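Bear in mind the structure is a predicted one, so any value in this text is a computation, not a measurement. Here is how names work: the chains are called A, B, and so on, in the same order as the sequence lines, proteins then strands, and each is numbered from 1.
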Amino acid sequence: MVWTGVAGTRLHIAAARPVHHRSMLLKPAAHGACIRYAVPPWRRWMSKRDSSKSSFVSKVPQFPTWEPVAENQLPPRTKISPDLVDKLERLALVDFGNQEGVNCLEEAIRFADQLHVVNTDGVEPMDSVLENRALQLRNDEVKESDCVSELLQLAADRVEEYFVSPPGNIPLPKREERLAMLKHSAF
Amino acid sequence: MAASSSGNRILLHKLNELITFKRICNITQHDIFIRRIRTSRSKCQLQPKMHTKSPPQMVGVVGLEIHAQIHAASKLFSSSGVRFSAPPNSLVACFDASLPGTLPVLNRRCVEASVMTGLALNCTINRKSLFDRKHYFYADMPAGYQITQQRLPIAVNGSLTYSYLGGRKRNQVVTKNVRIKQIQLEQDSGKSLHDDHRNQTLIDLNRAGVGLMEVVMEADMECGEEAAAAVRELQLILQTLGTCYGNMAEGQLRVDANVSVHRPGEPLGVRTEVKNINSARYVAKAIDYEIQRQMEVLDTGGTILNETRAFDSKSGATVPMRDKEGLQDYRFMPEPNLPPLFVYESVASVPAGVDPTQVVVIDRLKAILPELPGVKRAQLVEEYGLLPEHSFTLVNEVGLMDYFERVIQKTKAEPRKVIGWVIKELLGNLNQNGLRLTQSPISSEALAELLNILESGHISTSAAKVVFQEMWKLPEKSVKQLVAELDLELISDQEQILQICRRVVDAHPEEVRVIRAGNKKVLNKLMGIVQKETKGRTDPLQVRRILEEMTS
């Protein structure tokens with residue numbers, strides 16, 4: 001996998017991905033917060049490339065390479081405190097549910113920690129692969145408007161022509177309640 | 001519950017909700033609807049130090065964030081229509097409701113409007129600007145984020161010159177300058193109607209996705225009056241440009257004020273944010289109240305909390321709003337669905353392969369920039385010899401300058417004379433009756449005719465004022481008709497005037513004695529009596545001459 005920076009600098013992220021971490025990603029099974037692939041994404045991508053072999057010679061390496069990153073190269077492990085869980089849940093309106101969810105989050109952060117090893121000095125961050133394209137503009141014309149009936153049909157609840165939502169945000173459990181919840185949730 | 005309730009009941013219920021809500025919160029219906037979208041700004045904040053030895057007077061420090069709805073037919077990123085008070089959810093495209101798979105397509109008009117506004121505010125227009133997602137959860141923003149311009153906005157580093165009538169008599173034009181930090185394009189949110197009794201919120205997405213320009217003004221202002229004047233000037237500029245209607249009552253212009261107090265030379269104090277002020281008058285009131293409140297808190301040894309407050313127009317006070325207390329984290333990230341926005345200096349700089357008619361070209365917009373209020377005022381002073389404060393009134397009142405110029409074109413009267421009639425008589429009467437200029441019963445033509453009759457010497461100034469009041473009451477009658485009917489034409493018969501003067505002099509021997517003894521001021525009293533007797537139908541200069549002769 002290659003990221004092409006603005007100045008044409010390439011970062012071989014794959015090189016920073018150790019083998020053992022691949023299995024780590026797959027390990028915390030049966031949890032919704034982690035995205036799991038039967039085949040890791042890079043491999044799916046690779047097989048696609050394999051099947052479309054042509055005369056075109058891509059500058060993208062044909063096979064990913066990597067070397068393990070030693071634990072001592074990484075920053076200290078991030079521990080997620082109950083307060084932080086609380087804050088994240090409020091911000092993202094997600095529910096970690098139990099200790100397993102929190103562990104999964106810590107593992108995900110650990111995985112991402114490897115990016116710290118990559119030297120990005122002098123490389124401008126890339127927002128999008130379209131960053132050198134100009135944005136298309138449209139004329140100021142009203143073309144689609146009256147989808148009210150269609151849209152309202154999709155609503156779970158409505159009053160007249162209004163969508164109905166719960167009042168504000170649903171309050172999350174307080175910190176003490178959360179601690180109790182985490183304590184009682186076992187693997 | 002929707003299915004089981006009858007429409008009438010719901011409507012009635014909603015009305016009750018609104019009324020109770022309004023009563024409780026002392027806010028207008030408008031406030032209920034408007035939820036604010038803004039970008040957080042961080043500033044080094046320190047509590048002002050308390051000195052024991054005669055400290056210098058504390059002063060207010062005011063910065064503004066103003067959201068202006070862009071005047072466009074369609075929304076910022078979707079092609080659904082934009083209209084105030086349309087039936088709920090009748091102006092909603094799939095993108096506005098954030099249906100999966102929908103993508104933003106930027107409206108060129110919105111970009112042009114922001115570039116024009118940037119040019120009018122002396123900004124640097126960024127040739128390349130970026131869009132970002134600002135995340136927060138609110139039912140009237142279904143995507144869970146607002147698309148805004150946090151990192152690289154469309155326009156930066158501008159300035160706005162504004163004036164207001166200051167001084168002890170409020171007749172001196174005070175001119176100040178405020179720096180414009182940036183103008184950013186962003187989406188408006190929908191509107192929420194809270195129904196606390198039923199524990200639900202009704203959502204109208206008509207406003208969701210409407211294009212906004214957020215104009216960020218630096219904390220260069222010191223009081224409510226300055227801030228209100230800056231808002232008014234910005235409103236005039238936007239209206240002149242046609243980039244925003246600027247109707248504050250309809251939420252087309254919404255003001256947040258960042259207020260702190262400190263002693264000059266010391267670090268800035270902790271600031272509070274007063275949100276969602278929806279009239280220029282309230283801008284002044286809310287800010288002055290907040291400055292006063294903060295000074296009092298500090299004077300009594302208290303500390304200012306960095307909090308969001310709302311202005312209660314009924315009590316004239318600001319009250320704390322329930323806040324998320326430090327939990328706010330907008331998790332800004334680059335908007336992945338929008339490549340950078342490029343605008344071009346000139347048609348020549350548009351790259352090959354790009355249709356110049358489909359892009360935004362700064363030179364093209366510069367060429368169609370209308371004359372701005374500041375320039376108009378200077379012209380009025382220059383061209384007609386008006387006082388600056390008069391030029392101020394003419395430009396600030398919608399349509400008044402055009403009215404004035406139409407009168408000028410049709411009359412021989414001096415502009416300095418005309419301005420008095422337009423501001424004192426016309427505007428005075430309009431304000432007294434709570435009317436707008438478009439509702440004036442006296443047209444510019446009619447006023448010009450009256451002034452022409454006055455100029456020709458047929459009626460006196462005082463008589464003309466009487467005629468003006470009659471014109472106000474009877475707009476269907478012609479000016480000449482009224483003058484004739486009221487019997488106000490100046491007495492041209494020299495003999496008749498002499499007779500009247502003689503009668504007055506004879507009837508007031510005491511006054512005549514005083515005048516002869518050297519007190520010429522008493523002559524004015526006699527003149528007044530003559531004017532009264534003739535219902536103002538004499539030329540004052542002529543009467544004075546005659547009376548002077550008779551009393552000498």
### Message
With a 6.0 Å cut-off (strictly less than), is the heavy-atom count around CD of A:Q136, excluding the residue itself, greater than 12?
### Response
no
For A:R138 and B:K75, the nearest pair of non-hydrogen atoms, with its separation, is NH2-O, 2.6 Å
When the 4.5 angstrom heavy-atom criterion is applied to B:P334 and chain A, the contacting part is side chain
In terms of heavy-atom pairs under 4.5 Å with chain A, the winner among B:K128, B:R331, B:H135 is B:R331
Rounded to the nearest 0.5 angstrom, the CG-OG1 distance for A:L137 and B:T357 is 11.0 Å
Counting heavy-atom pairs under 4.5 angstrom with chain A, the leader among B:P88, B:A72, B:A97, B:P87 is B:P88
The interface call for B:A73 against chain A, heavy-atom contacts under 4.5 Å, is both
query = Counting only N and O atoms by type, is there a donor-acceptor contact under 3.5 Å from the side chain of A:D140 to the main-chain atoms of B:S74?
reply = yes
In this structure, CD of A:E150 is separated from CG of B:L99 (nearest 0.5 Å) by 9.5 Å
Honestly, the part of B:R83 sitting under 4.5 Å from a heavy atom of chain A is neither
Which of B:V92, B:D140, B:D204, B:N89 passes side chain to side chain contact (heavy atoms under 4.5 Å, CB included) with A:F163? Answer is B:N89
side-chain contact (heavy atoms from CB on, under 4.5 Å) evaluation trace for B:L205 with A:L151 = CA-CA 11 Å; B:L205 295 180; A:L151 284 170; over 6 Å; no
Applying a strict 4.5 Å limit to non-hydrogen atoms, the region of B:F131 in contact with chain A is side chain
One option among B:N199, B:V359, B:V354 has the most heavy-atom pairs under 4.5 Å with chain A, and it is B:N199
Evaluate B:V82 against A:V142 for side-chain contact (heavy atoms from CB on, under 4.5 Å), listing each step before the verdict. CA-CA 9 Å; B:V82 175; A:V142 178; over 6 Å; no
B:Q200 and A:V159: CA distance, side-chain angles, deciding distance, side-chain contact (heavy atoms from CB on, under 4.5 Å) verdict
CA-CA 10 Å; B:Q200 62 184 17; A:V159 170; 4.1 Å; yes
Note: B:P339 and A:L135 closest approach over all heavy atoms is CD-CD1, 3.4 Å
Separation between CG (B:L202) and CD (A:E160), nearest 0.5 Å, reads 8.5 Å
Go through the steps to decide whether B:I203 and A:V164 satisfy the test side-chain contact (heavy atoms from CB on, under 4.5 Å), and finish with yes or no.
-> CA-CA 6 Å; B:I203 307 292; A:V164 176; over 6 Å; no
So, the part of B:F77 with a heavy atom under 4.5 Å from chain A: the answer is backbone
Honestly, the part of B:L76 sitting under 4.5 Å from a heavy atom of chain A is backbone
Filtered by a 4.5 Å non-hydrogen cutoff, the part of residues 106-115 of chain B contacting chain A is B:L106, B:N107, B:R108, B:R109, B:V111
